[in-house]
Amino acid sequence: MTLGKTITRGGLPVLQLPDACLTGLTWRQIANTQLSRSPFTRSGQTNELPGSLWAVDWAYPEYDCCDETIGEIRAFLVRLRGAAGRFFVRDPAWLHCRVLGNSNFVTKTITLPGCDAGDDYLYPALDLYPEDTETLYPSATYSETGWPPYTFTLSAGFDSNQSLIVQVPAKAGSTTLTIKPLQNNFVFTNSNPWDYSKGVRPDYEERLKAAIDSLTAQLGYNPDKPLLRRGDWIQIDDQLRMIVEPAYTGESVIQIEPPLAYPVSAGTPIDYKTPGVIMRLIDDEQVSFGVVADSITRHSPITFKAIEAL
């Protein structure tokens with residue numbers, strides 16, 4: 001699985017699950033609760049304790065024994081050395097649907113050069129070409145091709161948030177995080193010659209709207225679409241958490257589950273693009289494979305179970 005980054009724990013690289021077609025994948029949350037019940041009234045009380053874990057069950061189809069894919073899966077499992085090994089995984093179903101959210105987003109209003117939308121004044125540079133151009137400009141500036149074209153450069157400054165960080169330290173057991181973006185400032189420049197050959201001033205507001213539409217289209221930004229949706233995954237350090245309430249901007253308080261297993265400090269990066277979790281096999285007997293009963297050329301399906309390794 002190629003992430004474009006190396007996953008480490010304790011300074012050592014962690015294996016990554018190979019890409020391969022699946023016949024089944026089940027994510028499970030294993031909460032840590034204690035139930036006490038009265039033997040007389042059968043009334044009970046449930047106490048929640050820290051230590052909620054993620055668990056995953058994998059199932060791979062039959063492969064031809066000569067298929068390189070099955071060799072990669074077998075080698076990966078053997079390298080884990082039972083429950084001693086650690087490996088990093090992501091939810092492929094989530095990755096497939098992630099485009100529904102705002103992968104690029106803007107948290108602040110797009111800023112443009114100031115303008116007065118009054119009848120007599122639209123933009124300072126347009127004063128060079130007043131509506132009564134032929135009267136106010138000397139005839140020497142006019143040629144057979146008309147008045148010289150005027151090139152107007154529109155610059156729009158905005159904040160595009162490619163990264164999120166924790167703004168306020170959070171304690172273990174917390175289900176809320178105050179986040180903010182690491183801001184990258186960009187400038188969108190649109191140079192557009194306007195033809196004054198007939199001495200007609202263009203519609204500035206129309207050009208301005210076109211520039212803003214172009215900018216937001218390039219960002220893929222939709223203010224009505226949340227940045228983080230319910231059910232989205234995020235990763236803080238080694239902790240994989242799920243968004244339970246939508247967040248529409250990068251400057252907000254987000255609600256997550258399960259609670260944090262350990263504290264996180266301000267400035268901790270939040271990975272919402274390639275989140276995952278470090279896991280281990282549930283026991284030393286998960287690594288098994290063979291051939292199907294009626295064909296020695298077909299590799300039997302491989303299944304294994306893993307649990308989050310805190």
Donor-acceptor list for residues 175-182 side chains, cut-off 3.5 Å, not counting sequence neighbours:
none

Name each donor-acceptor pair under 3.5 Å that joins a side chain in residues 72-87 to protein atoms two or more places apart or in another chain, with its distance.
unit_1, atom_1, unit_2, atom_2, d
Arg74, NH1, His299, NE2, 2.9
Arg86, NH1, Ala83, O, 3.0
Arg86, NH1, Ala84, O, 3.2

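Between Trp27 and Met242, every side-chain heavy-atom pair lies at or beyond the 4.5 Å cut-off. Residues Arg241 and Trp54 have side chains in contact (heavy-atom distance under 4.5 Å, counting atoms from C-beta outward). A heavy-atom distance below 4.5 Å is found between the side chains of Asp64 and Arg298. Using a 4.5 Å cut-off on side-chain heavy atoms (C-beta onward), Pro50 and Tyr262 make no contact. Counting heavy atoms from C-beta outward, Thr69 and Tyr60 have side chains that stay 4.5 Å or more apart.
Remark: Asp57 engages Arg28, Lys305 in a salt bridge (charged side-chain N to carboxylate O under 4.0 Å, His left out) (not counting sequence neighbours). Shown here are the salt bridge (charged side-chain N to carboxylate O under 4.0 Å, His left out) partners of Arg230, two or more places apart in sequence or in another chain: Glu245. Evaluation of the side-chain hydrogen bond (donor to acceptor under 3.5 Å, both in side chains) rule for Ser52 yields Gln29 as partners, not counting sequence neighbours.
Side chain of Ser38 to backbone of Ser43: no donor-acceptor contact under 3.5 angstrom is found. Using modelled atom types, no side-chain atom of Gln34 and backbone atom of Leu49 make a donor-acceptor pair closer than 3.5 Å. A distance-only check finds a donor-acceptor pair linking the side chain of Ser300 to the backbone of Gly290 [under 3.5 Å].
Val168 and Val166 make their closest contact through O-CG1, 3.1 Å (heavy atoms, listed as atom of the first residue, atom of the second, distance). The minimum heavy-atom distance between Tyr63 and Pro61, with the atom names listed, is CD1-O, 3.3 Å. Of all heavy-atom pairs spanning Gly173 and Pro259, the tightest one is O-CB, 3.4 Å.
Through side-chain heavy atoms spaced under 4.5 Å, either directly or across other Ile, Leu, Val, Met, Phe, Trp or Tyr residues, Ile307 is tied to Ile30, Leu53, Ile282, Leu310.
More than 12 heavy atoms of other residues, nucleotides or ligands shown are found within 6.0 angstrom of CD on Glu257.
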*Under the side chain to side chain contact (heavy atoms under 4.5 Å, CB included) criterion, do Val56 and Val277 qualify, and how do the steps go?*
CA-CA 10 Å; Val56 186; Val277 62; 5.7 Å; no

